[in-house]
2 protein chains.
Amino acid sequence: MKTAPVTIKDIARQLKISPSTVSRALKNNPEISLETRQHVAEVAARLDYRPNIVARGLKQRQSATIGVIIPEIVHYFFSQVISGIEEVAYNEGYTVMICQSNEKSDREANNVRTLLAHQVAGILVSVSKETAGFSHLEEVDKNGVPLVFFDRAAPGMAKDQVINDNRESACRVTRHLIQQGCSRIVHFAGPQNLSIGKERKEGYLHALSEAGIAFREEWCTVADTFDKAYQEVMRLHQVLNLPDAIFCNNDLTALGAMKALRQLGVAIPGEVAVAGFSNGIFSEISDPSLTTVDQHGYDMGVQATRLLLKRINSQKEGEPPVTMVVRGDLIIRDTSSRGSV
Amino acid sequence: MKTAPVTIKDIARQLKISPSTVSRALKNNPEISLETRQHVAEVAARLDYRPNIVARGLKQRQSATIGVIIPEIVHYFFSQVISGIEEVAYNEGYTVMICQSNEKSDREANNVRTLLAHQVAGILVSVSKETAGFSHLEEVDKNGVPLVFFDRAAPGMAKDQVINDNRESACRVTRHLIQQGCSRIVHFAGPQNLSIGKERKEGYLHALSEAGIAFREEWCTVADTFDKAYQEVMRLHQVLNLPDAIFCNNDLTALGAMKALRQLGVAIPGEVAVAGFSNGIFSEISDPSLTTVDQHGYDMGVQATRLLLKRINSQKEGEPPVTMVVRGDLIIRDTSSRGSV
DNA sequence: TTGTACGCGTTATCAC
DNA sequence: GTGATAACGCGTACAA
């Protein structure tokens with residue numbers, strides 16, 4: 001059953017030429033006569049020769065492989081990013097090696113070691129929530145392996161990164177709610193130790209002050225899950241009057257809030273408008289459909305990979321790090337369009 | 001900046017011993033004196049030695065890498081599977097190389113070549129919708145590389161596979177609807193050229209006949225997207241009376257149906273019960289929450305990988321192929337619980 | 001235009 | 001217990 005793999009030597013033996021000639025011929029080296037090249041190509045095809053990438057990698061001290069470290073694969077946004085990464089990699093002849101950190105710092109460090117041991121040509125990483133120190137990432141640098149952050153960068157590390165304009169996007173959402181006539185806008189924020197949570201809150205605050213709306217402390221709570229949002233709406237209902245808009249840190253949170261509102265018999269968007277963040281699949285199909293921000297995960301993957309490949313292919317070191325910002329798109333749907341009410 | 005990678009030779013030089021001794025010491029070979037082993041371990045740690053997996057792979061004609069070919073990464077179910085695969089792989093010291101076929105047969109064939117070129121230790125495949133011929137998969141066999149199918153197997157190829165019990169699960173869903181007092185149950189089916197679509201329909205039919213309910217042709221249409229389901233409900237509403245239950249091929253379809261029902265002012269589950277399939281994230285958070293089948297994607301990934309690793313580690317060839325069935329779990333939620341109405 | 005010789009880092013085998 | 005040597009498959013400087 002098991003056939004010994006065909007190597008360059010086998011082709012050479014068949015044609016009674018040397019392995020090196022075969023090697024060159026296979027790469028269409030113009031130094032080799034067209035005739036020989038054709039012969040080699042023929043035999044290679046007939047024998048179903050497949051170059052051993054591992055051997056090539058050993059020789060060149062680098063494999064055509066891109067390493068990816070991601071907090072969790074099971075996450076719509078991240079799966080979009082991976083898809084974008086894979087697409088570009090595929091088209092450029094690279095393969096993708098995936099590791100998930102499960103949001104653990106030590107596992108992330110382990111992932112780095114593994115990828116370096118595999119001699120990957122470059123690494124794409126979105127740091128885990130837990131990660132505080134970055135020595136394991138600096139390690140990558142020391143080995144001369146290019147590194148590009150996506151979505152979540154390591155604060156303080158001057159490296160290439162592809163990130164979202166969370167602040168501006170949040171600002172746009174809030175502005176939109178204001179334009180719809182809302183003035184008492186509550187924000188269900190994400191954890192404030194994460195840059196994304198912080199930046200989105202900042203954008204919200206900015207839009208308020210811009211519109212001359214005085215912010216009130218009780219308008220902002222950290223609530224970033226379906227359940228927390230549900231409970232928070234219920235609490236707001238009892239403690240103070242309901243606001244006329246809720247801007248949530250993510251879509252799931254928004255859906256939790258909507259569930260509570262519906263149970264309270266509150267009209268959406270008639271009495272309370274709602275907006276989320278991320279453009280998960282459910283934002284489009286929720287009822288009413290949810291206003292949100294499309295983060296373009298796929299594009300982020302594409303951009304990050306292109307940037308990485310550029311680094312891999314450029315010999316020059318010491319080029320200044322690049323920060324690419326992928327602009328989030330405000331998607332206005334039914335939960336916020338007062339016009340139709 | 002760029003440091004030359006530390007190799008076994010560097011350690012050997014430092015300790016003035018031979019590379020082979022270092023190699024053995026690093027693997028805790030008992031032939032090597034404890035003293036030497038400790039010295040080696042020390043120096044390795046100090047120099048931050050990292051074994052070059054590529055070189056090892058070349059030597060052993062196999063790399064500790066598992067190849068995965070998947071139709072689309074951006075799919076909740078598949079992302080769960082990948083997560084399960086990665087988890088097991090990580091714990092066993094393997095890494096995961098991901099390729100997506102984008103449901104294209106030729107790309108799938110390409111993926112196979114790439115993975116073989118990378119000398120992967122084994123391959124996990126879920127075949128694309130388009131794939132008809134399987135010569136590229138037989139190629140894997142010829143190279144002596146173990147192959148395990150997950151979710152979608154190649155019909156006719158006697159290989160290891162981990163699949164869902166679609167027929168039985170669909171049957172359970174339908175039975176449940178019948179138990180809730182439904183008798184005019186409509187099925188929005190998936191494409192009938194895919195085994196999953198076919199099997200689910202079969203399960204539905206089986207449950208009906210089992211309960212002595214005569215099936216009527218107009219009860220079953222192929223509608224497997226949000227929009228199609230929406231339109232189909234609207235059509236049913238006009239053409240014939242609405243059924244008292246709708247069993248959909250997947251969750252998204254169910255949500256489309258629900259949207260239409262809600263617009264028609266039909267009570268769910270009071271007048272029409274609804275059930276989906278897949279247990280996507282939105283089934284839990286939809287309002288009312290959706291009865292569905294949990295396909296345990298993560299578990300499928302885990303099982304498939306374990307099976308693959310078993311094959312990789314067993315020398316014996318010619319062991320009969322194994323088919324593992326992951327049982328889907330009926331998750332009863334609000335769209336079908338008549339008891340509460 | 002082609003062949004020779006060597007090395008990439010690791011490990012299996014044989015020798016001491 | 002340890003060392004020397006060869007080999008995995010490929011690429012390339014150098015020689016012819």
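In what follows, chains carry the letters A, B, and so on, assigned in the order in which the sequence lines appear, proteins first and then strands, with residues in each chain numbered from 1.
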For this session: Using the test salt bridge (Lys or Arg N to Asp or Glu O under 4.0 Å), find all partners of A:E108 that sit at least two apart in sequence or belong to another chain.
Result: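 Partners of A:E108 under the salt bridge (Lys or Arg N to Asp or Glu O under 4.0 Å) test: none.
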
Exercise. Quick one: bend of the helix from C:dT1-D:dA16 to C:dC16-D:dG1 from 5 pairs per end, to 10°?
Worked result: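 Answer for the end axes of this duplex: 50°.
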
Exercise. Tell me, do B:R311 and B:V322 make a side-chain contact under 4.5 Å, heavy atoms counted?
Worked result: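 Yes, side chains in contact.
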
Could you state the atom-to-atom distance from [atom1] of [X] to [atom2] of [N] in whole Å?
X	N	atom1	atom2	answer
B:N29	D:dG3	CG	C1'	14 Å
B:L15	D:dG3	CG	C1'	15 Å
B:Q62	D:dG9	CD	P	14 Å

For this session: List for me each residue that meets ring-ring contact (aromatic ring centres under 6.0 Å, His included) alongside B:F78, sequence neighbours excluded, and say none if there are none.
Result: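 So B:F78 forms a ring-ring contact (aromatic ring centres under 6.0 Å, His included) with B:H75.
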
Exercise. Is it true that the side chains of A:D299 and A:Q80 contain a donor and an acceptor less than 3.5 Å apart?
Worked result: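 No, no side-chain donor-acceptor contact under 3.5 Å.
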
Exercise. Between which nucleotides of DNA chain C, read 5' to 3', does contact with chain A run, using atoms under 4.0 Å from its heavy atoms?
Worked result: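 Endpoints of the contacted stretch of DNA chain C: C:dT1 to C:dG9.
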
Who pairs with [X] by side-chain hydrogen bond (donor to acceptor under 3.5 Å, both in side chains), at least two apart in sequence or on another chain?
X	result
B:Y298	none
A:R152	A:E103
A:H39	none

For this session: Check side chain to side chain contact (heavy atoms under 4.5 Å, CB included) between B:S20 and all other residues, then give those that pass, not counting sequence neighbours.
Result: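 Partners of B:S20 by the side chain to side chain contact (heavy atoms under 4.5 Å, CB included) criterion, ordered by chain and then number, come out as B:S18, B:R24.
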
Exercise. What nucleic acid atoms does A:S18 come within less than 4.0 Å of, heavy atoms only: base, sugar-phosphate, or nothing?
Worked result: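 Counting heavy atoms under 4.0 Å across all strands, the contact made by A:S18 includes a base.
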
Under 3.5 Å, side-chain donor or acceptor atoms of residues 65-72 of chain A against the rest of the protein: list the pairs with distances, not counting sequence neighbours.
| from | atom 1 | to | atom 2 | distance (Å) |
| --- | --- | --- | --- | --- |
| A:T65 | OG1 | A:S63 | OG | 3.4 |
| A:T65 | OG1 | A:T95 | OG1 | 3.4 |

Contacts table for residues 5-12 of chain B: side-chain donor-acceptor under 3.5 angstrom, sequence neighbours left out:
| from | atom 1 | to | atom 2 | distance (Å) |
| --- | --- | --- | --- | --- |
| B:T7 | OG1 | B:K9 | N | 3.1 |
| B:D10 | OD1 | B:R13 | NH1 | 3.3 |
| B:D10 | OD2 | B:T7 | N | 2.7 |

Residues 43-54 of chain A side chain polar contacts: donor-acceptor under 3.5 Å, at least two apart:
| from | atom 1 | to | atom 2 | distance (Å) |
| --- | --- | --- | --- | --- |
| A:R46 | NH2 | A:Q14 | OE1 | 3.4 |
| A:D48 | OD1 | B:R113 | NH2 | 2.7 |
| A:D48 | OD2 | A:R50 | NH2 | 3.4 |
| A:R50 | NH2 | B:E139 | OE2 | 2.9 |
| A:N52 | OD1 | A:V54 | N | 2.8 |
| A:N52 | OD1 | A:A55 | N | 3.1 |

For this session: Mark up nucleotides 11-16 of chain D, 5' to 3', with B wherever a protein heavy atom is under 4.0 angstrom from a base atom, S wherever such an atom reaches only the sugar-phosphate, and - elsewhere.
Result: BBB---

For this session: By nearest nucleotide on DNA chain D, pick out whichever of B:P30 and A:K9 is the more 5' one.
Result: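 In this pair, the answer is B:P30.
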
